[in-house]
Amino acid sequence: MYGIDRYASKQDNILKANFLSFDYGVNKWRFILSNMAFSNHFNRHLAFNDEKVEKYAKVYFKILNSLKVGGKFIYAPSIIEIEELLDKKKFSIINEEIGYGLFRTIIEKLTN
């Protein structure tokens, strides 16, 4: 198990990195869990339709591309606008309410 954080850590499995520039690889991960930072920032940029939307969208698709078939990306809060664009033959998408009108998303990669 590995984690990325923008702050240095003494733990070998926590890498100092920015989630926007991290090399996620291709067909590499069985499971990616994201805290609120990525999706909160992405939703904010979507709401204001600012210049960072494209950058966050590219990273989102890099994360999905980094999953192995059967791999899952779980995050909260959900990013409905981009989830609606996903190919339903390639990805299974589940949204679950976690409270206060917020939802988490579980995306499973079905095929390459």
Side-chain angles (χ1 to χ4, degrees):
M1 181 180 344
Y2 294 94
I4 60 173
D5 197 345
R6 63 183 175 161
Y7 300 106
S9 174
K10 293 180 182 179
Q11 294 178 267
D12 292 339
N13 63 332
I14 298 179
L15 312 171
K16 182 180 178 186
N18 180 324
F19 54 69
L20 292 175
S21 58
F22 184 74
D23 180 8
Y24 294 94
V26 177
N27 296 321
K28 184 175 181 176
W29 304 103
R30 298 279 306 153
F31 185 79
I32 296 175
L33 177 65
S34 177
N35 68 5
M36 293 174 61
F38 180 77
S39 55
N40 269 343
H41 286 288
F42 196 173
N43 277 321
R44 179 190 175 280
H45 294 296
L46 282 165
F48 290 102
N49 195 26
D50 66 23
E51 73 282 351
K52 292 190 178 180
V53 168
E54 187 176 333
K55 186 171 192 168
Y56 275 83
K58 285 180 182 179
V59 171
Y60 185 90
F61 284 102
K62 283 181 183 181
I63 291 170
L64 293 181
N65 195 40
S66 76
L67 294 172
K68 293 181 177 185
V69 172
K72 294 181 180 179
F73 178 32
I74 301 175
Y75 58 90
S78 296
I79 311 168
I80 302 300
E81 286 98 331
I82 199 155
E83 293 164 11
E84 292 172 345
L85 302 175
L86 297 180
D87 182 346
K88 306 304 185 274
K89 293 177 185 171
K90 191 171 181 176
F91 298 101
S92 164
I93 304 160
I94 298 171
N95 295 105
E96 300 174 330
E97 186 167 7
I98 55 176
Y100 305 104
L102 295 174
F103 289 79
R104 85 170 146 217
T105 297
I106 303 169
I107 296 179
E108 180 177 353
K109 187 174 185 180
L110 303 175
T111 185
N112 280 323

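Linking ILVMFWY residues whenever their side-chain heavy atoms come closer than 4.5 Å, directly or via other members, leaves I107 and L110 in distinct clusters. Residues L20 and Y2 share a hydrophobic cluster, clusters being chains of Ile/Leu/Val/Met/Phe/Trp/Tyr side chains in contact below 4.5 Å.
With hydrogens and angles ignored, the 3.5 Å screen pairs no side-chain donor or acceptor of S39 with any backbone N or O of I79. Without hydrogens or angle criteria, S9 side chain to Q11 main chain gives a donor-acceptor distance under 3.5 Å.
Residue pairs meeting the salt bridge (charged side-chain N to carboxylate O under 4.0 Å, His left out) criterion with at least one member in residues 78-95: none, sequence neighbours excluded. Annotation: side chain to side chain donor-acceptor pair (under 3.5 Å) contacts involving residues 43-52, sequence neighbours excluded, comprise H45-D50. Sorted by first then second residue, the salt bridge (charged side-chain N to carboxylate O under 4.0 Å, His left out) pairs that include residues 3-18, not counting sequence neighbours, number zero. For residues 17-33, the side chain to side chain donor-acceptor pair (under 3.5 Å) pairs, not counting sequence neighbours, are N27-K109.
Using a 4.5 Å cut-off on side-chain heavy atoms (C-beta onward), S34 and F73 make contact.
Residue L33 shares its hydrophobic cluster (ILVMFWY side chains chained together at separations under 4.5 Å) with F31, I74, I94, I106. Hydrophobic cluster of L102: the remaining members, joined at side-chain heavy-atom separations below 4.5 Å, are I98, listed by chain and number.
Every residue two or more places apart in sequence or in another chain was checked for a side-chain hydrogen bond (donor to acceptor under 3.5 Å, both in side chains) with E97, and none qualifies. Residues satisfying the side-chain hydrogen bond (donor to acceptor under 3.5 Å, both in side chains) criterion with S66, sequence neighbours excluded, are absent altogether.
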Using the rule given for side-chain contact (heavy atoms from CB on, under 4.5 Å), can you reason through N95 versus I80, listing the C-alpha separation, both sets of side-chain angles and the distance that settles it, and then say yes or no? CA-CA 9 Å; N95 295 105; I80 302 300; 4.1 Å; yes
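Between F19 and F38, the angle of the ring planes goes over 60°, which puts this pair in the perpendicular group of the 30/60° scheme.
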Output a table of donor-acceptor pairs, distance under 3.5 Å, between side-chain atoms of residues 54-64 and any protein atom two or more places apart or on a different chain; print 'none' if there are none.
unit_1 : atom_1 : unit_2 : atom_2 : d
E54    : OE2    : K58    : NZ     : 3.3
Y60    : OH     : Y75    : OH     : 2.8

